[in-house]
There are 2 protein chains.
Amino acid sequence: MKGKATSFDIAHLAGVSQSTVSRALRGSPLVSEETRRRIQSAADTLNYKVDKNASNLRRQHTGTLALLLFEDPTADDSHINPFFLSMLGSITRASAQRGYDLLISFQQFSRDWHADFTGSQKADGLILLGYGDYQSHRDKLEKLVAQGTRFVRWGAVLPGQPGVSIGCDNFAGGRLATQHLIEQGCRRIAFLGDATPHYPEFHERYRGYAAALREAGLRVDEVLQADAETTERAGYEAAELLLERGAEFDAVFGASDLIAIGALRALSERGLSVPGDVALAGFDDIPMASFINPSLTTVRQDTGKAGEVLVEQLVRQIGGEGAESAMLPAQLKVRRSSLRPEPEPAFRKMLRNQ
Amino acid sequence: MKGKATSFDIAHLAGVSQSTVSRALRGSPLVSEETRRRIQSAADTLNYKVDKNASNLRRQHTGTLALLLFEDPTADDSHINPFFLSMLGSITRASAQRGYDLLISFQQFSRDWHADFTGSQKADGLILLGYGDYQSHRDKLEKLVAQGTRFVRWGAVLPGQPGVSIGCDNFAGGRLATQHLIEQGCRRIAFLGDATPHYPEFHERYRGYAAALREAGLRVDEVLQADAETTERAGYEAAELLLERGAEFDAVFGASDLIAIGALRALSERGLSVPGDVALAGFDDIPMASFINPSLTTVRQDTGKAGEVLVEQLVRQIGGEGAESAMLPAQLKVRRSSLRPEPEPAFRKMLRNQ
DNA sequence: CTGAAAGCGCTTACAG
DNA sequence: CTGAAAGCGCTTACAG
């Protein structure tokens, strides 16, 4: 790489001062059209690009957003949760649309993340993404607020939380899914996923589940709940636990699609058919949900919209405008995994008709 | 945000010069242990972080890698190809492991990407990722080389290509999949995907396909090939085209999993069963491949390994070491979609045994 | 509309 | 081992 062209080189070539080059290239109205054109063409021939480091240093900003992706360290580390992958895609798009670069960082190990990015001027603001134990994050969030760091986080939207949170209406989503299972005739509906306030999104889904049960005059039975983080394996194990417990159930509501898919595998291995013996629903609507067999009934979180809102609210903060937490609607997607009674298999019908 | 602490503040607090602060914090051996400790604790109490912009400006480097993701503008723009999403995950991890930040950028629209990142000192090197028309990229790659830009690209590894390419052995993969279909008794195997050198990865897969056919004494029939880019929709349409043409085939090899999955839908809609009537294979092994029904036989590209190698070779270039193109092995994953003859359905057996 | 000059916060020869 | 000083390449008051 031979010496990169600087604004002085352009100035020299165009026969103006370096200040004028800078102004022209930044689109200042203080430069005459003709001068601007001359400078522009000089810049083009020298293949000049403004040095971001210098520009940012001087302007004290960065033009980039940092996406911090928290993954539960216990998760299988080869795969990122597909839901977050979708979010990542939409956040990337939304950032680009608003002229920001996006820096991505996984935060499984580092503990000092709360200051790493904005403190070191790598990013103007932070997007926090990830399921995970909220309690252990909370004090860091408060520190972030105290420091004046601009950030938005994806998660449960509840009163009294530090900073700006964007999330979907987990309570309504949990309620919707459970109501649907009840309408399908299910009476013993299991909930797979952590149901404590440690994981507020799951907790809200659980609360929605419990509300739907009570509204239908059904009992919330603790035997029907088993903890699980968002992995297929955890879903598998939670379903196994239920089965070993001897719990009787005619439906399973997984707190996430990954959990539901894991449960599906456990049920199949025991010879239980879905939806024939057990109706099944998940949460997230990851791409896989519509492809598995049977296709998975789930609560859709609109990741496209989510990315837009996250970026929008963060950019507002950076611009000094007020930003607000927002709750996005949850939408029930009914697919085959919950549709009962299952149409009678053709061969059984034939046998009976003999 | 109250005035951020600078190295001068630390110097003042620790009672040393600013230069010493800088040295201590960068781990220079020129600083005594005791001084270093004093400086470190001052930095901690003031919550000091080195300003990356200033540091990078001075050191003339950035510590970040840019991942440019090219997507075919005709693709459904709401979804990123899951294969690239996997790559993105593994590249992110590999970069973090080597201490680089990763800047992500989608390049559907911008045309000036070849200089945007390294020229403006946003990144030390580029990772180019995306299927796409190679011919139209080629001159940009050459410009990149001419400029001395460090980059690696994911794609076909062929002689005479500009720069460093990492890719999987697409020829071997295509051949493997086709051989497997032939072993399953298929004789009329369709190929869905562009088969021209414009898309070198697909072309290599096609060449592997053709080689396997010839080796088995089978004819390569143009009627059995239909173009498709990497989307489910394109796969669906290509299969439709084949069907409308009245082409007779007993197997379909999709140049990517997405194409194969689209073809599966088209076949099902026509009442053709997979693998009963038509055996099916794809390429990539995206997560969905193992979840659809029937599960999809495919050629696995190891994205974890790919990300590591891409980052490794790029970092070597940045460090002034020589980097080399590399071809990663392709691995056949046999699943249900290609296993013929299909076990006889239970009810048919019953009927016959009456 | 344009130019000369200061300064963003570091890193690193240079001198001791 | 430490300090004083130059300079990375910009942006932006300040002066005209």
Side-chain angles (χ1 to χ4, degrees), chain A residues 1-40 42-43 46-64 115 117-124, chain B residues 1-40 42-43 46-64 115 117-124:
Chain A
M1 244 185 276
K2 54 230 164 179
K4 217 170 45 99
T6 72
S7 50
F8 284 94
D9 300 324
I10 311 304
H12 187 76
L13 219 184
V16 293
S17 76
Q18 181 268 343
S19 337
T20 302
V21 170
S22 175
R23 275 191 282 259
L25 263 22
R26 288 190 54 72
S28 158
L30 294 176
V31 182
S32 77
E33 248 333 293
E34 199 239 307
T35 315
R36 186 190 310 281
R37 253 197 306 277
R38 202 142 35 87
I39 290 173
Q40 189 55 256
L46 291 189
N47 211 279
Y48 171 75
K49 297 283 163 190
V50 172
D51 182 314
K52 278 292 168 189
N53 286 135
S55 166
N56 290 343
L57 173 57
R58 182 52 232 252
R59 307 206 303 156
Q60 296 290 73
H61 93 325
T62 69
T64 108
F117 287 85
T118 54
S120 59
Q121 300 287 90
K122 284 195 211 165
D124 295 334
Chain B
M1 248 186 275
K2 54 229 160 177
K4 216 169 44 98
T6 73
S7 50
F8 283 93
D9 300 324
I10 311 304
H12 188 75
L13 219 183
V16 294
S17 76
Q18 181 268 343
S19 335
T20 303
V21 171
S22 176
R23 274 192 282 258
L25 263 21
R26 288 192 56 72
S28 159
L30 294 176
V31 183
S32 77
E33 249 332 294
E34 198 239 309
T35 315
R36 187 191 308 282
R37 254 198 305 278
R38 203 142 35 87
I39 291 173
Q40 189 54 256
L46 291 189
N47 212 279
Y48 171 75
K49 297 284 163 189
V50 172
D51 182 314
K52 277 294 169 188
N53 287 134
S55 167
N56 291 341
L57 172 58
R58 182 51 231 252
R59 307 207 302 157
Q60 295 292 70
H61 94 325
T62 69
T64 109
F117 288 84
T118 53
S120 57
Q121 300 287 90
K122 284 194 211 165
D124 296 333

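Just so we're on the same page: letters track the sequence lines, and every chain starts at 1.
- To the nearest 0.5 Å, atoms CG (Asn53(A)) and NE2 (His61(B)) are separated by 9.5 Å.
- Thr64(B) is not listed as a side-chain neighbour of Lys122(B), based on a closest heavy-atom distance of 4.5 Å or more.
- Between the CG atom of Asp51(B) and the C1' atom of dC8(C) there is a distance of 8 Å, given to the nearest Å.
- Following rounding to the nearest Å, Leu25(B) (CG) and dG9(C) (P) show an atom-to-atom distance of 16 Å.
- Once rounded to the nearest 0.5 Å, the distance linking CG of Leu57(B) with NZ of Lys52(A) reads 13.5 Å.
- Rounding to whole angstrom units, OH of residue Tyr48(A) and C1' of dG9(D) are separated by 7 Å.
- One atom, NE2 of His61(A), and another, P of dT12(D), lie 9 Å apart when rounded to the nearest Å.
- Thr62(B) approaches Asn56(B) most closely through the heavy-atom pair O-ND2, 3.4 Å.
- Look at CZ on Arg59(B): it is 17 Å from C1' on dG9(D), rounded to the nearest Å.
- Take the nearest nucleotide of DNA chain C for Gln18(A) and for Ser22(B): the residue whose nucleotide is more 5' is Gln18(A).
- Taking atom P in both dA5(D) and dC1(D), the straight-line distance is 24 Å, to the nearest Å.
- Put simply, Ser32(B) has a side-chain N or O that comes within less than 4.0 Å of OP1 or OP2 on dT2(D).
- Where Ala54(B) and Glu33(B) each meet DNA chain D at their nearest nucleotide, the meeting point lying more 5' is that of Glu33(B).
- Checking Asn53(B) against Arg36(A), the closest nucleotide of DNA chain C that is more toward the 5' end is the one next to Arg36(A).
- The side chain of Arg23(B) places no N or O atom within less than 4.0 Å of a non-bridging phosphate oxygen (OP1 or OP2) of dC1(D).
- Taking a pair as Watson-Crick or G-U wobble with both distances under 3.5 Å, the runs of three or more consecutive pairs in DNA chain C are C:1-3 with D:14-16, C:5-12 with D:5-12, C:14-16 with D:1-3.
- Between Arg37(B) and Glu34(B) there is no salt bridge, since no side-chain nitrogen of the basic residue lies less than 4.0 Å from a carboxylate oxygen of the acidic one.
- No side-chain donor-acceptor contact under 3.5 Å links Ser17(A) to the backbone of Ala11(A).
- Side-chain atoms of Gln60(B) lie closest to dC8(D) of the nucleotides dA4(C), dC8(C), dC8(D).
- Here the C1' atom of nucleotide dC8(D) and the CZ atom of Phe8(A) are 11 Å apart, to the nearest Å.
- Of the candidate nucleotides dG3(D), dT2(D), dG9(C), dG3(D) has the atom lying nearest to any side-chain atom of Ser19(B).
- The phosphate of dC1(D) has neither OP1 nor OP2 within less than 4.0 Å of any side-chain N or O from Thr35(B).
- For dC10(D), neither phosphate oxygen OP1 nor OP2 lies less than 4.0 angstrom from any side-chain nitrogen or oxygen of Ser55(A).
- For Arg58(A) against dG9(C), no side-chain N or O and base N or O form a donor-acceptor pair under 3.5 Å.
- For the residue pair Ser19(A)/Ser22(A), the side-chain donor-acceptor check at 3.5 Å is not satisfied.
- When the C1' atom of dC8(D) is taken as reference, atom NZ of Lys52(B) falls 16 Å away, rounded to whole Å.
- One atom, NZ of Lys122(A), and another, P of dG9(C), lie 18 Å apart when rounded to the nearest Å.
- One distance of note links OG of Ser28(A) with CZ of Arg36(A); it measures 7.0 Å at 0.5 Å rounding.
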